[in-house]
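This report refers to the structure that appears directly beneath it.
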Amino acid sequence: MSLTTLKEVLAYAETKKAAIPAFNIDNMEIVQSIFKAAEEEQYPLILAVGQAAIKDGRMALLAASARTFAEKSSFPVVLHLDHGQSLEQVRMALDCGFTSVMIDGSKLPFEENIRISEETLKLARAAGASVEAELGCILGTEDDISHDDNKPFLVRTEDVKAFNEAITVDALAVGIGNAHGIYKGLPNLDFERLAEVNDISVVPLVLHGGSGIPADMIQRAISLGIRKINVATEVRLAYVKGITTAISTGDFYPIANAGKAEVYNLVKGKIQLFKNGMVD
Ligand code: 13P
């Protein structure tokens, strides 16, 4: 199957009242493990390439690897740019065949966020790709990108309304107290705000910072309209944990396979959790 768009898989998620996982991919072993789990679960998949991987020169390599696996898969796969930082980066991703791009204008003044999202839409539509924008801030640090924690970070319903009136993107990431990285203690998610935002949003909502959010909170977020959930840190930690336990073998394949096994187990569990709300 060739790569599909974010818009398409989120429409599917809406019919099932479920969420689609977006796993960050950083190397080929991680891609292999994610596909193995998704193949067994027969569930759509979003493969996200983030800023650390891009900084390390992996964008085109990861895109090629994702495409190769997707072509053999029997379920829909989206190749997505995570936290796109500029129009230039969006162009690069589209040139590499990404079928979805996120533009992270959340640090910009509201009007500029609209403007850069609009420009991104033009580029993406010309390439047949989807667009995710962000309102409110995701706390914490990921791939050296962090937010000033003193800045108001919770998404405001009036901003969602004004944003939706100005432009129509395909997905909207919202800051509801979620954070990148592992939470210190229990996440403090503002579910009331999520419900309000979902009531007025015309586009599906995205939850970033999925690592470490307990299952009951994930299910509640899905029941309140979250249709895409991003997981990066836990994937990397699982891979590192796996290779660390096998490192004493000093042998490449046992080490690589131990990393893959941990990622597979993690991803399988996340897919089962995220599709839980599914109605047949
Ligand atoms: P975590 O690293 O906390 O899972 O967040 C992932 C994410 O939101 C990627 O955009």
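In each ligand, atom 1 is the first atom listed, and ligand 1 is the first ligand listed. Hydrogens, waters and symmetry mates play no part in the numbers below; they use all other heavy atoms, side chains included. Note that the numbering runs from 1 along the sequence shown for the chain.
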Under 4.0 Å from any heavy atom of [X], which atoms of ligand 1 are there?
| X | value |
| --- | --- |
| Asp82 | 9 (C), 10 (O) |
| Val231 | 4 (O) |
| Ala232 | 1 (P), 2 (O), 4 (O), 6 (C) |
| Thr233 | 1 (P), 2 (O), 3 (O), 4 (O) |

Looking at [X] and [Y], does any basic side-chain N land under 4.0 Å from a carboxylate oxygen?
| X | Y | result |
| --- | --- | --- |
| Asp26 | Arg236 | yes |
| Glu119 | Lys122 | yes |
| Glu262 | Lys241 | yes |

Item checked: Sub-4.0 Å heavy-atom contact, Ala179 with ligand 1 -> yes
Notebook entry, point to check: Heavy-atom contact under 4.0 Å between His180 and ligand 1?
Noted result: yes
Check: Taking a hydrophobic cluster as the set of Ile, Leu, Val, Met, Phe, Trp and Tyr residues connected by side-chain heavy atoms closer than 4.5 Å, whether directly or through intermediates, do Val267 and Leu237 fall within one such cluster?
Finding: no
Margin query: When you compare ligand 1 with His208, is there at least one nitrogen or oxygen pair between them that comes in under 3.5 angstrom?
Written below: yes
Next item on the list: Please work out whether any backbone atom (N, CA, C, O) or any side-chain heavy atom from C-beta onward of His83 is under 4.0 Å from ligand 1, and answer side chain, backbone, both or neither.
Entry: side chain
Note to self: Can you see whether Asn24 engages Asp82 through a side-chain donor-acceptor pair at a distance of less than 3.5 angstrom?
What the structure shows: yes
Notebook entry, point to check: With sequence neighbours excluded, what pairs up with Thr4 under the side chain to side chain donor-acceptor pair (under 3.5 Å) test?
Noted result: Glu8
